[in-house]
Amino acid sequence: MATKRSVGTLGEADLKGKKVFVRADLNVPLDDAQKITDDTRIRASVPTIKFLLEKGAKVVLASHLGRPKGVTPKYSLKPLVPRLSELLGVDVVMANDCIGEEVEKLAAALPEGGVLLLENVRFYKEEEKNDPEFAKKLASVADLYVNDAFGTAHRAHASTEGVTKFLKPAVAGFLMQKELDYLVGAVANPKKPFAAIVGGSKVSTKIGVIESLLAKVDILILGGGMTYTFYKAQGYAVGKSLVEEDKLELATSLIEKAKAKGVSLLLPTDIVIADKFAPDAESKIVPATAIPDDWMGLDVGPDSTKTFNEALDTTQTIIWNGPMGVFEFEKFATGTDAIAKKLAELTTSKGVTTIIGGGDSVAAVEKAGLADKMSHISTGGGASLELLEGKPLPGVLALDEA
Ligand SMILES: Nc1ncnc2c1ncn2[C@@H]1O[C@H](COP(=O)(O)OP(=O)(O)O)[C@@H](O)[C@H]1O
Ligand SMILES: O=C(OP(=O)(O)O)[C@H](O)COP(=O)(O)O
């Protein structure tokens with residue numbers, strides 16, 4: 001698998017006085033008041049940046065946040081500056097853009113040991129299009145490139161892939177290296193039985209991964225927003241629940257493939273429904289087949305949790321990506337908390353290998369105070385699933401070979 005190749009790492013380059021373009025994944029969850037609700041991804045990016053600063057480098061730091069369409073204040077990286085500054089022990093300078101004259105000036109004025117945080121690279125559509133001109137502009141303010149954004153390594157974007165054509169050396173940061181070391185090992189040769197739990201809201205991204213997962217896992221548990229596309233494909237009424245209409249055929253074929261391959265595919269059998277998408281929504285538990293019109297499924301019910309737990313009791317390796325419900329609302333956090341507790345218990349008492357990936361899944365585990373009970377907390381959900389699929393990660397392939 002191409003992703004297994006060794007990539008160049010830090011320490012091999014002469015860093016003093018050099019401007020280093022660091023692509024991190026600082027895509028952290030923010031609440032309505034723009035307050036960071038989980039800083040795992042920021043903390044995980046600190047060792048690489050600190051190392052560079054201690055070597056006398058000047059760090060130009062780039063990331064995306066969310067999935068903005070154009071410049072959207074809600075997705076600005078500005079709210080991250082105080083926490084970043086605190087963790088790094090330097091006053092991080094924030095640019096209003098990620099390319100252009102102001103960025104050039106601020107980068108040129110950076111002292112050794114200074115950090116310039118660029119504004120959200122996804123404010124430009126050219127980022128996700130991997131536009132070479134845009135990549136060239138990003139690269140123009142630095143001398144070399146470090147990719148520490150494991151969570152975005154499955155995206156061939158300008159700041160993760162295109163930029164490496166213009167900056168050499170292009171090496172992996174410590175977080176990227178740590179994630180690859182752990183996940184490639186755990187995933188290439190998992191202890192069996194092997195279960196994957198997939199939930200969350202990025203249905204169209206993750207449903208495609210399921211087909212390949214069926215070739216690897218013994219048990220596949222689906223929950224969260226993934227559920228309703230499968231329900232609808234089976235002819236159930238799903239009310240106002242999250243559904244990807246153009247994935248219904250795929251969902252049907254996945255159910256059939258799971259059967260043919262002898263994979264135990266578990267969908268929730270009961271659901272916590274809500275009359276609106278809000279923390280104070282009215283809620284009730286209904287069978288999967290009985291979601292009324294105008295209601296939406298926001299969590300898995302207690303019977304489902306019981307079935308999932310029994311299945312997980314038989315496993316040796318579990319990879320979990322995507323919450324079981326809208327855990328940000330207390331009323332709909334029960335199914336997610338139950339999975340977090342079960343995985344912590346299996347890790348500590350039975351030595352099961354548990355890998356949690358994804359910004360929100362990790363946030364849920366942190367919120368439950370169980371992060372240190374898991375075998376590995378990964379900063380990438382989609383990225384760890386694609387690695388598990390055996391797909392090469394473009395952000396890794398673009399780096400220099402060791
Ligand atoms: N039934 C559901 N309907 C809508 N959103 C959901 C549902 N279940 C979970 N979610 C949402 O999914 C989001 C996380 O999805 P995703 O980004 O795919 O996970 P991760 O960040 O762990 O990879 C959370 O914000 C959660 O509120
Ligand atoms: O949060 C992320 O992915 P994840 O939710 O799969 O962990 C990464 O920052 C990538 O974001 P994207 O899925 O919008 O490209």
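The model shown is predicted, which means the values in this text are computed figures rather than measured ones. Order of listing sets the numbers, starting from 1, for every ligand and every atom in it.
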**Student:** Ignoring angles and geometry beyond distance, decide whether T379 reaches within less than 3.5 Å of ligand 2 through its nitrogen or oxygen atoms.
**Tutor:** no

**Student:** Would you say Y75 and N27 are linked by a side-chain donor-acceptor pair, where the criterion is simply a distance under 3.5 Å?
**Tutor:** no

**Student:** Starting from atom 1 (N) of ligand 1, what is the nearest protein heavy atom, named by residue and atom, and what distance separates them?
**Tutor:** G297 O, 3.0 Å

**Student:** May I ask you to list the atoms of ligand 2 that are less than 4.0 angstrom from any heavy atom of G358?
**Tutor:** 7 (O)

**Student:** State whether a side-chain donor-acceptor pair under 3.5 Å links D303 with T269.
**Tutor:** no

**Student:** Knowing that exactly one of V20, L138, L399 qualifies, which makes a side chain to side chain contact (heavy atoms under 4.5 Å, CB included) with Y145?
**Tutor:** L399

**Student:** Within the 3.5 Å criterion, strictly below it, is a donor on T152 or D25 matched to an acceptor on the partner's side chain?
**Tutor:** yes

**Student:** Give the contacting part of T205 toward ligand 1: side chain, backbone, both or neither, where contact means a heavy-atom distance below 4.0 Å.
**Tutor:** neither

**Student:** Considering non-hydrogen atoms of the protein only, which is the closest contact for atom 6 (O) of ligand 2, and what is the distance?
**Tutor:** G382 N, 2.7 Å

**Student:** Which residue and non-hydrogen atom of the protein lie closest to atom 14 (C) of ligand 1, and at what distance in Å?
**Tutor:** D360 OD2, 3.3 Å

**Student:** Got a donor-acceptor contact below 3.5 angstrom from the T164 side chain to the T160 backbone?
**Tutor:** no

**Student:** Report the nearest protein non-hydrogen atom to atom 22 (O) of ligand 1: residue, atom name, distance rounded to 0.1 Å.
**Tutor:** S361 OG, 2.5 Å

**Student:** Can you confirm, on distance only, whether ligand 2 has an N/O atom lying under 3.5 Å from any N/O atom belonging to R67?
**Tutor:** yes

**Student:** My understanding is that only one of L87, V115, V90 makes a side chain to side chain contact (heavy atoms under 4.5 Å, CB included) with I49; could you say which?
**Tutor:** V115

**Student:** Under 4.0 Å from any heavy atom of N27, which atoms of ligand 2 are there?
**Tutor:** 1 (O), 2 (C), 8 (C), 9 (O), 11 (O)

**Student:** Answer with side chain, backbone, both or neither: which part of E386 has a heavy atom less than 4.0 angstrom from an atom of ligand 2?
**Tutor:** neither

**Student:** Within a distance under 4.0 Å of any heavy atom of Y228, pick out the atoms of ligand 1 and give their elements.
**Tutor:** 1 (N)

**Student:** Would you please classify the geometry between the F277 ring and the F329 ring as parallel, tilted or perpendicular, with 30° and 60° separating the classes?
**Tutor:** perpendicular

**Student:** Got the closest protein heavy atom to atom 5 (N) of ligand 1, with its distance?
**Tutor:** V326 CG2, 3.7 Å

**Student:** Can any side-chain N or O of S304 pair as donor or acceptor with the backbone N or O of D270 at less than 3.5 Å?
**Tutor:** yes

**Student:** Within the structure, is a non-hydrogen atom of R122 found at a distance of less than 4.0 Å from ligand 2?
**Tutor:** yes

**Student:** Donor-acceptor check, side chain of D31 to backbone of Q34, threshold 3.5 angstrom: yes or no?
**Tutor:** yes

**Student:** Answer with yes or no whether the side chains of Q316 and T353 bring together a donor and an acceptor at under 3.5 Å.
**Tutor:** no

**Student:** Based purely on interatomic distance, does G381 place a nitrogen or oxygen under 3.5 Å from a nitrogen or oxygen of ligand 2?
**Tutor:** yes

**Student:** Which of the atoms in ligand 2, numbered in the order shown and given with their element, are less than 4.0 Å from a heavy-atom of G359?
**Tutor:** 7 (O)

**Student:** Does ligand 1 have any atom sitting under 4.0 Å from a heavy atom of F332?
**Tutor:** no

**Student:** Nearest to atom 11 (O) of ligand 2, what protein heavy atom do you find, and at what distance?
**Tutor:** H64 NE2, 3.4 Å

**Student:** Which residue owns the protein heavy atom closest to atom 12 (O) of ligand 1, what's the atom, and how far is it?
**Tutor:** S201 N, 3.2 Å

**Student:** Using a 4.0 Å heavy-atom threshold (strictly under), name the region of H157 that reaches ligand 2: side chain, backbone, both or neither.
**Tutor:** neither

**Student:** Between E128 and H64, do the side chains contain an N or O donor and an N or O acceptor separated by less than 3.5 Å?
**Tutor:** no

**Student:** Please report which non-hydrogen protein atom sits nearest to atom 10 (C) of ligand 2, along with the residue it belongs to and the distance in Å to one decimal place.
**Tutor:** G151 O, 3.5 Å

**Student:** Between E328 and ligand 1, which residue portion shows a heavy-atom distance shorter than 4.0 Å: side chain, backbone, both, or neither?
**Tutor:** side chain

**Student:** Is D25 in contact with ligand 2, taking contact as a heavy-atom separation below 4.0 Å?
**Tutor:** yes

**Student:** Identify the closest protein heavy atom to atom 15 (O) of ligand 2: which residue and atom is it, and at what distance?
**Tutor:** R155 NE, 2.6 Å

**Student:** Which residue owns the protein heavy atom closest to atom 4 (P) of ligand 2, what's the atom, and how far is it?
**Tutor:** K202 NZ, 3.5 Å

**Student:** Per the salt bridge (charged side-chain N to carboxylate O under 4.0 Å, His left out) rule, which among K137, R23, R122, R67 passes with E127?
**Tutor:** R23

**Student:** Identify whether the distance between the nearest side-chain nitrogen and carboxylate oxygen of R83 and E86 falls below 4.0 Å.
**Tutor:** yes

**Student:** State plainly whether the residues E244 and K202 are in salt-bridge range, i.e. N to O under 4.0 Å.
**Tutor:** no

**Student:** What protein heavy atom lies closest to atom 18 (O) of ligand 1? Include the residue and the distance to one decimal.
**Tutor:** K206 NZ, 2.5 Å

**Student:** Is the backbone of D14 close enough, under 3.5 Å, to the side chain of K18 for a donor and an acceptor to pair up by distance?
**Tutor:** yes

**Student:** Does K367 use its side chain to pair, donor to acceptor, with the backbone of D38 at less than 3.5 Å?
**Tutor:** no

**Student:** Is there a polar contact between ligand 2 and G66, counting only N or O atoms under 3.5 Å apart?
**Tutor:** no

**Student:** Around atom 7 (C) of ligand 1, find the nearest protein heavy atom and jot down its residue, atom name and distance.
**Tutor:** G225 N, 3.5 Å

**Student:** Among all protein heavy atoms, pick the one closest to atom 9 (C) of ligand 1 and tell me residue, atom and distance.
**Tutor:** G325 O, 3.2 Å

